[in-house]
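Below is one structure, written out as structure tokens; the observations come after it.
Values reported hereafter were calculated over all heavy atoms of this structure, with side chains retained and with hydrogens, waters and symmetry mates removed.
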Amino acid sequence: MGHFLIGFLVVVLSVGNVIEEANGEIPRTTLEKIERMNQKGPYLGIVAPNNYELNPLLGSKAYFPSSSLPFIDFAGRKFRFGKLSNQPVIIVMSGLGMVNAGVTTQLLVSLFRLKGVLHYGIAGNADVNLEIGDVTIPQYWAHSGLWNWQRYGDGIDNELALESGGDYTREVGYLQFSKYSNRTDNLLNRVWYQPEEIFPVTGTPEERQHVFWIPVDKSYLKLARKLEDTKLPQCVNTTCLPRPPKVTIVKRGMSASVFIDNAAYRTFLNSKFNATAVEMESAAVALISHQQNLPFIVIRALSDLAGGGSDVSNEASIFSSLAAENSVDILVKFVALLPPHESKIQSE
């Protein structure tokens, strides 16, 4: 898809010698670089949230930057070209939160010729049965920050605002704030979690669909199961975790542009949705990949128990670097399991 888009843009810019650069326009020199690199595809697109998670991957012995063109800068992002475990990859950092992750992933899949999307990093843990440093690979992702906030006085059976028109639903479930107050009247009432409105490339433009739980690619998940129970380093200097971290396939992960440092909300997400990894980007990557009909998977290492409560004090500040390294380690191992790259350009 990206190959066709770039070819079209090159033609448009060439007709009439339209080479004036404007805000939002792709410069001709950048388009030429993109087209040249797309001839070497398809690539695995790898999205890292922040420098904290990006740098260990760039420093990995398994990563070799492209000697001909190591990167293209565009739209505030740096798209890095190279090989990881002998697979052609494009690595890009999204930045914090759902908006950044969504914009970056859309740029990645629209500009470049991809065969899949991989996302990795660290996450908060909502499952007390897992340990810091464990690497989780959820089977489903959801955005937990799209709410319909019910007005005070309405009850659980009252219709939500705009529900009758199909914009909102009560199917997913709700959080009732009064359950967490000291038996006093709570003006916050309840919020109802909502599915995302999506427009898949395989559908009719502007005909919306809805999705809450986005499944990762089945073939990717099958490969990832081969890594389950892989043992990982457990110490940072002289401070060690109770046991060696391991890789675990979990049911669900949830994302929102909210940093969850609250034990009650952590418990709610785990008991209500069976969520394990909670963080701020993965659902956006999942939603874009799903809409663009591209296979994807997410690898997230647990850096702390969201909201605290672990026997290990100051867990995030101590073990975030270990968790980041563990996520990169498993990402590299996963890429090595993929079928060998074929350089043949797909027919149009």
Legend entry - D154 to R190 - nearest heavy-atom pair and separation: O-NH1, 3.3 Å
Legend entry - Any side-chain donor near an acceptor of the partner, S66 and K40, under 3.5 Å: no
Inset, instruction - State, to 0.1 Å, how close V172 and P195 come at their nearest heavy-atom pair, and which atoms those are. - result: CG2-CD, 4.0 Å
Inset, instruction - Test K246 against every option in L227, D229, T230 by the side chain to side chain contact (heavy atoms under 4.5 Å, CB included) rule and name the one that passes. - result: D229
For residues 283-291, please give each side-chain donor-acceptor pair under 3.5 Å, one per line with the distance, not counting sequence neighbours.
{"residue": "S289", "atom": "OG", "partner": "V285", "partner atom": "O", "Å": "2.9"}
{"residue": "Q291", "atom": "OE1", "partner": "F199", "partner atom": "N", "Å": "2.8"}

Legend entry - Where at least one partner belongs to residues 85-97, residue pairs that pass side-chain hydrogen bond (donor to acceptor under 3.5 Å, both in side chains), sequence neighbours excluded: Q87-K115
Inset, instruction - Measure the shortest side-chain to side-chain distance between R266 and V278 over non-hydrogen atoms and say whether it is less than 4.5 angstrom. - result: no
Inset, instruction - Provide the closest heavy-atom pair for L108 versus G45 in the form atom of the first, atom of the second, distance. - result: CD2-CA, 3.8 Å
Legend entry - Y43 ring center near F112 ring center (under 6.0 Å): no
Legend entry - Non-hydrogen side-chain atoms of L84 and L44 separated by less than 4.5 Å: no
Inset, instruction - Mind jotting down which residue pairs meet the ring-ring contact (aromatic ring centres under 6.0 Å, His included) criterion with at least one end in residues 159-180? Sequence neighbours excluded, please. - result: W149-F177, Y174-W192
Legend entry - Partner residues of K33 under the side-chain contact (heavy atoms from CB on, under 4.5 Å) criterion, sequence neighbours left out: R36, L69, I72
Legend entry - Distance-minimising heavy-atom pair for G97 and E281: N-OE2, 3.0 Å
Legend entry - N125 versus L130, closest heavy-atom pair with distance: ND2-O, 3.4 Å
Inset, instruction - Please examine the side chains of T248 and T276, heavy atoms only from C-beta on, and report whether any two atoms are closer than 4.5 Å. - result: no
Inset, instruction - Side-chain contact test, heavy atoms from C-beta onward, threshold under 4.5 Å: evaluate it for E279 versus S303 and give yes or no. - result: no
Inset, instruction - State the CZ-CD1 distance between R243 and I132, to the nearest 0.5 angstrom. - result: 10.5 Å
Legend entry - Whether over 12 other heavy atoms sit under 6.0 Å from F273 CZ: yes
Legend entry - Within 6.0 angstrom of E171 CD, more than 12 heavy atoms from elsewhere: no
Legend entry - Charged N-O contact under 4.0 Å between D127 and R252: no
Inset, instruction - Specify the closest pair of heavy atoms between Y265 and S144, including all atoms of both residues, with the distance to one decimal. - result: OH-O, 4.2 Å
Legend entry - Test side-chain contact (heavy atoms from CB on, under 4.5 Å) applied to E53 and M93, step by step: CA-CA 9 Å; E53 293 120 328; M93 187 187 79; over 6 Å; no
Inset, instruction - Would you indicate whether the side-chain heavy atoms of F319 and D304 approach each other to under 4.5 Å? - result: no
Legend entry - Stepwise side-chain contact (heavy atoms from CB on, under 4.5 Å) check, V103 with R77: CA-CA 10 Å; V103 168; R77 273 78 180 175; 4.1 Å; yes
Inset, instruction - Would you mind reporting whether D134 and P245 have side-chain heavy atoms less than 4.5 Å apart? - result: yes
Legend entry - Side chains of R208 and D167 in contact at under 4.5 Å (non-hydrogen atoms): yes
Inset, instruction - Would you please name every residue forming a side-chain hydrogen bond (donor to acceptor under 3.5 Å, both in side chains) with Y220, sequence neighbours left out? - result: none
Inset, instruction - Output all residues satisfying side-chain contact (heavy atoms from CB on, under 4.5 Å) with K78, sequence neighbours left out; order by chain, then residue number. - result: F71, D73, R80
Legend entry - Y63 side chain near V89 side chain, heavy-atom distance below 4.5 Å: yes
